[in-house]
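Reminder, nothing fancy here: chain letters follow the sequence lines and each chain counts from 1.
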Amino acid sequence: MRQAMAERRGTAAGGRGLRHALLGAAAAAALCAAAPAAAQEGRLGFGLGAYGMPGVIDMPTALAMPDGMIGLTADVLPGTARGTLAFQISPRLTGAFRYSRIERPGLGDVLFDRSFDIQYQLLSEGRYRPAVAIGLRDFIGTGAYSSEYIVASKHLAPQLRATGGIGWGRMATRGGFTNPLSIFGDGFRTRPGGFTGTGGRLELNRFFRGDAALFGGLEYQLNDRLRLLAEYSSDAYIVETAPGGSWKPRIPVNLGLSYAVSDRTTIDAHILQGATIGLRASISLDPNRPRGQGRGLVAPVPVGVRPAPAPEGGWPQAWVAMPEVRGLLRSVVVQQFQSEGLRLEGLELSGSRAVVRFSNLRHEAEARAFGRAARVLSAALPPSVEHFVLIGTTHGMAVSAVTLRRTDLELLEHAPDGAAQLLARASIEDAHGKPGVNGFYQEHPPEVPRFGWSITPYVVPSVFDPNAPLRVDVGLRAEGRFALASNMLLSGSVIQRLGGNVAGTPMGPPAPGYERVRTSLPLYSTNRPALERLTFDHFSRPGPDLFGRVTVGHLERMYGGVSAELLWKPVDSRLALGVEVNRVRKRSPDSFAGFGRYEVTTGHVSAYYDFGRGYLGQVDVGQYLAGDRGATLRLEREFASGWKLGAYATLTDMPFSAFGEGSFDKGITLTVPVSWFDGSPTRARNSMVLRSLTRDGGARLEVTNRLYPLVRELQSEGLTTSWGAVWQ
Amino acid sequence: MSRTGQIGLRAAGLALVAAAALSACSGGLQLQERQRGGVEGLFGLSRAEPVPPVATALPAVITPETPLLGARLVARDANATLAIAAVSGPVTTWRTGDGVNVNLTGPGVLQSTRGLGADLMASDVSATIAAVSSAAPGTYRRMHRYLGGDLRLSRDIYDCTLAAQGPEAIEVGGSPRRTLRFVERCEGGGARFVNTYWRDAARPVIWQSHQWVGPDVGMIEIQRLVE
């Protein structure tokens with residue numbers, strides 16, 4: 001999979017000179033145009049180019065998407081198909097992951113390539129100042145698209161934007177000239193080709209080396225929906241247009257048309273290099289702007305306002321001693337909670353205080369669950385109860401206790417600043433030690449059935465096998481669960497595959513000297529009913545700020561054994577520490593519940609850090625399934641709507657040569673909240689990991705119910721982030 | 001298993017898939033409420049089923065004396081009749097049978113809504129209340145709060161002018177009312193709206209009003225059918 005990096009020289013020196021002059025003029029115009037006073041800053045929205053990043057057609061622009069935005073692009077031309085997921089990581093930093101299918105007539109094969117891009121906007125566009133950005137295209141991997149660039153974009157008129165820049169690598173395959181950076185050293189004159197060893201690594205000694213070339217582009221917004229594009233491309237498509245290919249470039253200019261189907265979807269058509277036609281479709285998603293508008297959410301119960309003033313000597317508390325009244329109150333609360341999508345786990349009533357443990361089954365915004373619970377209590381409980389201690393629980397673990405005064409609820413329900421003021425008056429503490437909260441045993445609420453089941457269809461995609469980029473398995477999943485206690489669950493699922501092509505996936509090469517801990521996964525795809533998981537889970541609160549989990553049984557499709565985890569996370573701390581130890585044995589692919597011979601201890605010590613504004617970091621150090629030791633770094637951005645995007649990389653003591661192609665495990669994680677699409681409140685989410693390749697190095701056990709994500713949502717950060725919804 | 005047995009199993013399985021896909025079956029203890037929508041919502045194929053509303057505090061019996069409100073959402077062409085669900089100081093919560101709250105304050109100025117989707121979450125309309133109650137035109141500011149997709153409450157400030165349009169005789173709920181009509185024009189942050197209030201000629205009661213809820217919901221037309 002080596003890319004032939006043949007350097008091209010211009011044919012006629014005169015032609016090249018003229019071209020340079022024109023480009024120089026365009027670049028000068030872009031950079032130095034004293035924009036007339038009428039020109040407004042940034043009238044044109046960004047457009048996504050062929051590479052799925054802000055661009056014209058093939059060439060990039062110096063724009064950034066709105067913070068947090070996700071762009072999905074599919075681009076096809078004869079011999080090439082590209083699918084890109086781009087993400088605005090921060091207001092100036094854009095990243096992308098791309099999967100491409102490139103026909104290489106010169107080598108007579110088809111390359112399925114995964115690449116990552118990154119672009120940083122150094123300057124945003126001002127009145128006279130252009131936007132300037134620096135970017136790396138395909139900076140990890142085998143380098144089919146590998147280029148670096150510096151680009152500037154500026155509006156010349158409200159409807160016209162010009163872009164100009166300089167590129168290296170693939171973006172210098174037409175009109176290349178000696179690298180201007182070679183003034184810093186001769187090493188910059190040549191660019192090493194191919195990739196080191198097994199590939200998949202950051203090739204630092206390649207960046208900004210070799211010849212450079214100029215490029216430029218123009219975008220003209222004709223009307224509300226139509227935009228005209230033109231660019232001078234410094235990408236000669238050498239590999240794709242080698243002799244035997246389906247097209248050959250004729251002129252260095254790309255022309256295109258972009259049609260906005262909606263404010264989120266665009267369809268493009270372009271004529272590439274005067275020789276062929278390409279098509280593109282892109283969709284942008286804003287995780288902060290849900291498509292649905294919350295129409296599925298029914299209005300809450302109004303806060304029950306007690307008659308004022310309170311009688312002398314306070315409200316009567318005789319009801320506390322009457323079990324019939326307490327029983328009636330409990331059943332009213334259970335029923336009202338159920339309508340609100342909450343489950344009452346425990347209710348401790350005293351004359352002036354109610355301690356309520358509940359779990360949230362419906363609301364994707366945790367604070368809304370607390371707000372609804374508070375409203376129900378204010379409407380149902382006798383007037384003497386002044387303090388509500390609301391304890392959010394998950395899997396039987398009581399996480400945080402939010403204490404609210406009923407008087408504050410009555411006063412702030414309709415206040416203009418009601419949400420902020422309620423947060424200021426609420427206290428959020430660790431739930432450990434509160435009445436009704438036990439360390440190791442929480443009684444199952446009598447009103448809730450102990451046994452549950454479901455049958456659902458499932459779809460399992462498997463991507464990036466070079467022979468068949470998308471494999472899908474479809475089938476039925478039957479799940480059952482039995483609650484021995486609120487914090488002790490026996491559960492399992494059986495799957496019956498009904499169709500699909502995952503079973504045909506050839507196994508990747510093993511890592512020599514290591515067990516096939518993950519590359520043998522295709523063996524586990526079978527036409528018979530298969531036991532997916534069968535476990536006993538125990539969740540606990542061993543002490544203040546501590547959370548515990550023990551899971552025993554068939555933990556996942558390939559492994560079974562024992563998994564134990566302990567997490568230290570104070571309610572308002574940015575830092576959390578955890579340790580997980582697992583002793584597992586590989587399951588046999590041929591038997592329903594049997595085991596093989598391979599046994600391993602895997603485990604990690606983890607540090608989690610919340611940087612604020614949704615940015616999370618995690619470092620895990622320990623031993624992986626193949627017995628290799630190392631560390632995983634994970635960075636993630638989380639949105640209040642429930643979207644999460646992250647990236648991770650794992651480096652272990654397994655040599656790159658043993659790991660195989662890709663050198664080390666890395667990937668992208670994506671979580672999509674279902675409620676984002678139609679607005680109805682639901683906690684359902686779909687999560688996926690886009691892993692570059694399935695290999696045996698850095699492989700982790702897939703345990704459901706790891707503690708950190710469960711706990712974090714219910715603590716200060718999770719509640720404060722969603723607090724805008726508390727009165728909703 | 002024999003070939004025919006395999007085919008039979010497959011056919012049965014497919015039939016089950018069809019059944020399950022139409023209504024994924026489940027029962028008993030669940031870890032979360034069953035999801036709806038999702039990818040179907042992305043393509044506009046699903047319609048959010050209304051969740052059974054919370055038992056409301058609506059009166060069991062409606063008599064000729066029960067205070068009632070008639071409301072119409074212009075943009076959605078939806079009508080409803082509302083009854084009082086709660087009173088909290090100057091704010092009255094009116095509620096429909098299918099779970100929409102309209103909170104009116106003072107003489108009948110819209111304070112907030114719930115259950116309309118992009119609700120008016122909270123507001124500061126004290127200046128409007130003062131001006132309409134005392135039938136005194138003037139210039140002042142209003143503040144509206146809406147919930148963004150990032151779960152933050154916005155703070156939108158509008159500059160408003162209240163102008164008197166003179167007396168008008170209208171009929172509300174079958175009863176004639178002598179009213180003074182006021183028009184409130186507000187502008188701020190790129191939004192512009194016009195509210196109209198038909199205030200009783202003698203008392204600070206608004207018999208009819210057209211008020212702007214927000215950019216997504218639009219105008220709501222309210223009538224005090226029975227006081």
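Annotation: maximal heavy-atom pairing with chain B below 4.5 Å, among Ala419(A), Gly452(A), Ala420(A), occurs at Gly452(A). Your options are Leu489(A), Val448(A), Asp417(A), and the one with the most heavy-atom pairs under 4.5 Å with chain B is Asp417(A). Chain B forms the most heavy-atom pairs under 4.5 Å with one residue out of Gly418(A), Ser454(A), Pro416(A), and that residue is Pro416(A). Of the residues considered (Trp727(A), Trp643(A), Phe639(A)), Trp727(A) shows the highest number of contacts with chain B, using heavy-atom pairs under 4.5 Å.
Residue contact with chain A, scored on non-hydrogen atoms closer than 4.5 Å, involves the side chain of Gln111(B) exclusively. Neither the backbone nor the side chain of Ser675(A) comes within less than 4.5 Å of any heavy atom of chain B. Residue Arg528(A): no heavy atom, backbone or side chain, is found under 4.5 Å from chain B. There is no contact between His363(A) and chain B, counting heavy-atom distances below 4.5 Å. Using a 4.5 Å cut-off between heavy atoms, Arg450(A) contacts chain B through its backbone alone, with no side-chain atom that close. Residue Ala379(A) does not touch chain B at all, counting heavy-atom pairs closer than 4.5 Å.
Between the side chain of Glu479(A) and the backbone N or O of Val494(A), no donor-acceptor pair lies under 3.5 Å. Between the side chain of Asn487(A) and the main chain of Phe539(A), a donor-acceptor pair closer than 3.5 Å is present.
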Note to self: Let's go through Arg683(A) and Glu713(A) carefully: what are the C-alpha distance in whole Å and the side-chain angles of both, what is the deciding distance for side-chain contact (heavy atoms from CB on, under 4.5 Å) to 0.1 Å, and is it a yes or a no?
What the structure shows: CA-CA 12 Å; Arg683(A) 290 182 65 73; Glu713(A) 281 189 311; 2.9 Å; yes
Check: Going through the distances and angles, do Glu340(A) and Val376(A) end up as a side-chain contact (heavy atoms from CB on, under 4.5 Å)?
Finding: CA-CA 9 Å; Glu340(A) 295 284 9; Val376(A) 165; 4.1 Å; yes
Note to self: Between Arg114(B) and Thr93(B), is the side-chain contact (heavy atoms from CB on, under 4.5 Å) condition met? List the steps.
What the structure shows: CA-CA 10 Å; Arg114(B) 291 292 185 277; Thr93(B) 300; over 6 Å; no
Margin query: With side chain to side chain donor-acceptor pair (under 3.5 Å) as the criterion, how do Ser262(A) and Arg264(A) come out once you've worked through the C-alpha distance, each side chain's angles and the decisive distance to 0.1 Å?
Written below: CA-CA 5 Å; Ser262(A) 75; Arg264(A) 260 182 284 254; 5.3 Å; no
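Here the closest non-hydrogen pair linking Val132(B) and Arg199(B) is O-NE, 2.7 Å. Closest heavy-atom contact between Glu345(A) and Thr393(A): CG-OG1, 3.6 Å. Smallest separation of non-hydrogen atoms from Val109(B) and Arg142(B): CG1-NH2, 4.0 Å. The two atoms that bring Gly642(A) and Pro673(A) nearest to each other are C-CG, 3.6 Å, heavy atoms only. Contact record, Thr682(A) with Glu364(A): O-CB, 3.4 Å, taken as the closest heavy-atom pair. Trp453(A) approaches Arg481(A) most closely through the heavy-atom pair N-NH1, 4.1 Å.
Within residues 152-159 of chain B, the residues that have a heavy atom under 4.5 Å from a heavy atom of chain A are Leu153(B), Arg155(B), listed by number. Residues of residues 121-129 of chain B placed with any heavy atom under 4.5 Å of a heavy atom in chain A are listed by number as Met121(B), Ala122(B), Ser123(B), Asp124(B).
Interatomic distance, Met219(B) CE to Ser209(B) OG, rounded to the nearest 0.5 Å: 8.5 Å.
Within a 6.0 Å radius of CZ in Arg76(B), more than 12 heavy atoms belonging to other residues, nucleotides or ligands are found.
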